[in-house]
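The analysis underlying the following values was restricted to heavy atoms, covering all of them including side chains, and did not include hydrogens, waters or symmetry mates. Just so it is clear, the model here is predicted, and its values are computed rather than measured. One is the number of the first residue; the rest follow in order along the sequence.
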Amino acid sequence: MKLLILDAGHCLNLALARVAHRRSDTELVIEPGIAIDAVYLRELKPDAVIIPPLSAPMEIQPAAVVRHGEGVDIVLEACRETDTPLVWCVSDQLYQDGFDTPIDEHVIPAPRDESLRRLIAIGDRIRSSHPRHLIVRLGPLFALEGGHAWLSGVIDSLMGGEDVRAAQDVIFCPTSADAVAMALIGMLHQLGCGSTAWGAYHLAGTEPVSAYTFTTMVRTQLSTRLEGLGEQVVLGEVKALKHHHDQPLRRVLNCRRVLEAFGVHQKPWRLEVGRLLDDWCQSRRPLEEGDAPP
């Protein structure tokens with residue numbers, strides 16, 4: 001299977017590359033931007049095009065959200081013209097006001113923000129005009145490297161002694177980029193083998209948590225591991241922010257449909273964070289005698 005991945009350097013794309021490297025049945029072609037045309041798709045003949053999510057669209061300039069949407073529109077037209085399957089990953093922040101209960105896949109986001117509403121309109125066009133599509137709504141992605149990796153930024157700030165501010169009253173399900181990459185490739189292989197389960201899916205980590213609790217856990221685990229390495233580091237502190245004074249805003253995705261259709265289980269974010277912190281600490285260990293340099 002040949003997959004065309006757009007927006008090179010995104011943490012999800014790096015995770016996809018790691019997964020594909022371990023498999024003999026998946027080839028990746030990675031493009032730097034997200035604007036491609038039908039001529040290129042006819043030449044390349046990919047089995048699917050994957051667009052990684054625009055991270056935290058509520059927290060960036062509206063113009064950047066609009067540019068992303070315009071790029072997705074261009075890709076959609078090229079995929080329609082060539083009948084190439086399209087995978088568009090989107091942030092859970094499109095559910096701007098959240099829900100009291102876990103959000104099912106059939107619930108279409110209805111944000112108040114105008115730039116976010118443009119993304120919803122693009123999703124409507126994908127659903128109505130291009131049957132072979134996946135719209136994958138994700139919890140906040142975390143990874144150790146790449147754009148929008150979140151976890152790497154938290155670690156760098158803490159290690160630099162900087163305070164990290166995180167919302168205490170926004171509840172979501174942090175999502176490992178590695179877990180998403182494995183799920184997407186598995187889903188596309190099933191679709192390539194005859195499954196017809198196209199459509200919208202939710203994919204997130206288990207255990208809803210606030211950004212403050214997530215970041216605090218990262219700090220605690222990081223401190224424990226550094227002590228185990230014999231390192232004395234004064235880490236920055238985690239400061240709680242409050243944006244919703246009446247009650248917490250919950251953006252918890254119900255991921256039942258992806259399990260039923262593809263057998264994809266949610267990965268516990270605590271285990272994934274622990275694994276990544278182990279990898280990060282391993283990269284800091286001095287070479288043992290006889291070890292080969294990287």
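- Scanning all heavy atoms of the two residues, the minimum distance from V264 to A183 falls at CG1-CB, 3.7 Å.
- A heavy-atom distance below 4.5 Å is not found between the side chains of D279 and Q282.
- Between V258 and H202, the shortest heavy-atom distance links the atoms CG1-O, 3.6 Å.
- Across every non-hydrogen atom of C89 and L138, the tightest pair is CB-CD1, 3.9 Å.
- A continuous path of Ile, Leu, Val, Met, Phe, Trp and Tyr side chains, each step under 4.5 Å between heavy atoms, connects L188 with I30, placing both in one hydrophobic cluster.
- More than 12 heavy atoms of other residues, nucleotides or ligands shown are found within 6.0 angstrom of CZ on R127.
- There is no path of hydrophobic side-chain contacts, each under 4.5 Å, that joins L203 to L151.
- Other residues, nucleotides and ligands contribute at most 12 non-hydrogen atoms within 6.0 Å of the CD atom of Q61.
- Of all the heavy atoms in A78 and A38, the pair that sits closest is CB-N, 3.6 Å.
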Derivation of the side chain to side chain contact (heavy atoms under 4.5 Å, CB included) call for V19 and L184: CA-CA 10 Å; V19 174; L184 287 178; over 6 Å; no
Counting only pairs under 3.5 Å, give me each side-chain donor-acceptor contact of residues 191-199, with atom names and distances, residues two or more places apart or in other chains.
residue	atom	partner	partner atom	Å
S195	OG	A197	N	3.3

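- More than 12 heavy atoms of other residues, nucleotides or ligands lie within 6.0 Å of CG in D25, so this atom counts as buried by the packing criterion.
- Only one option out of K2, H189, H21 pairs with T26 in a side-chain hydrogen bond (donor to acceptor under 3.5 Å, both in side chains); it is H189.
- In this view, H130 satisfies the ring-ring contact (aromatic ring centres under 6.0 Å, His included) rule with no residue, not counting sequence neighbours.
- Under the 4.5 Å side-chain criterion, counting only non-hydrogen atoms from C-beta, L116 is not in contact with P109.
- Scanning all heavy atoms of the two residues, the minimum distance from R256 to E105 falls at N-OE2, 4.3 Å.
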Which pairs would a plain distance check flag for residues 228-236, meaning a side-chain donor or acceptor within less than 3.5 Å of a matching protein atom at least two apart in sequence or in another chain?
residue	atom	partner	partner atom	Å
E231	OE1	R284	NH2	2.5
E231	OE2	R284	NE	3.3
E231	OE2	R284	NH2	3.4

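- Through direct or indirect side-chain contacts shorter than 4.5 Å among Ile, Leu, Val, Met, Phe, Trp and Tyr, I103 is connected to Y95, F99, V107, L253.
- Grouping the Ile, Leu, Val, Met, Phe, Trp and Tyr side chains by contacts below 4.5 angstrom, directly or via other members, places L141 with V87.
- With sequence neighbours left out, D104 forms a salt bridge (Lys or Arg N to Asp or Glu O under 4.0 Å) with no residue at all.
- Residue pairs satisfying the salt bridge (charged side-chain N to carboxylate O under 4.0 Å, His left out) criterion with at least one member in residues 202-223, sequence neighbours excluded, are listed as follows: E207-R270, R219-E237.
- Take R250 and apply the side chain to side chain contact (heavy atoms under 4.5 Å, CB included) test, not counting sequence neighbours, and it matches I171, P208, V252.
- Within the structure, the salt bridge (charged side-chain N to carboxylate O under 4.0 Å, His left out) test picks out the following pairs touching residues 176-205 (sequence neighbours left out): R18-D178, D178-R275.
- Under the 4.5 Å side-chain heavy-atom criterion for Ile, Leu, Val, Met, Phe, Trp and Tyr, I122 and I120 are members of the same hydrophobic cluster.
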Between D7 and I51, does a side chain to side chain contact (heavy atoms under 4.5 Å, CB included) hold up when you go through it step by step? CA-CA 7 Å; D7 192 9; I51 304 175; over 6 Å; no
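- Between W269 and F142, the distance from one ring center to the other does not fall under 6.0 angstrom.
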Please list, one pair per line, the donor and acceptor atoms closer than 3.5 Å that link side chains of residues 70-77 to other protein atoms, with sequence neighbours excluded.
residue	atom	partner	partner atom	Å
D73	OD1	R125	NE	3.2
D73	OD1	R125	NH2	3.1
D73	OD2	R125	NH2	2.6
E77	OE2	R80	NH1	3.3

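- Residue pairs meeting the salt bridge (charged side-chain N to carboxylate O under 4.0 Å, His left out) criterion with at least one partner in residues 38-60, sequence neighbours excluded, are R42-E81.
- Both I50 and L134 are members of a single hydrophobic cluster when ILVMFWY side chains are connected at heavy-atom separations under 4.5 Å.
- Considering only residues two or more places apart in sequence or on other chains, R225 meets the side-chain hydrogen bond (donor to acceptor under 3.5 Å, both in side chains) condition with Q221, D278.
- Ring pair F172/W150 is perpendicular by interplanar angle, where above 60° counts as perpendicular and below 30° as parallel.
- For A17, the side chain to side chain contact (heavy atoms under 4.5 Å, CB included) criterion is met by L28, not counting sequence neighbours.
- Heavy-atom minimum distance, G139 versus A204: N-CB, 4.1 Å.
- Between H148 and H10, the two ring planes are tilted [angle within 30° to 60°].
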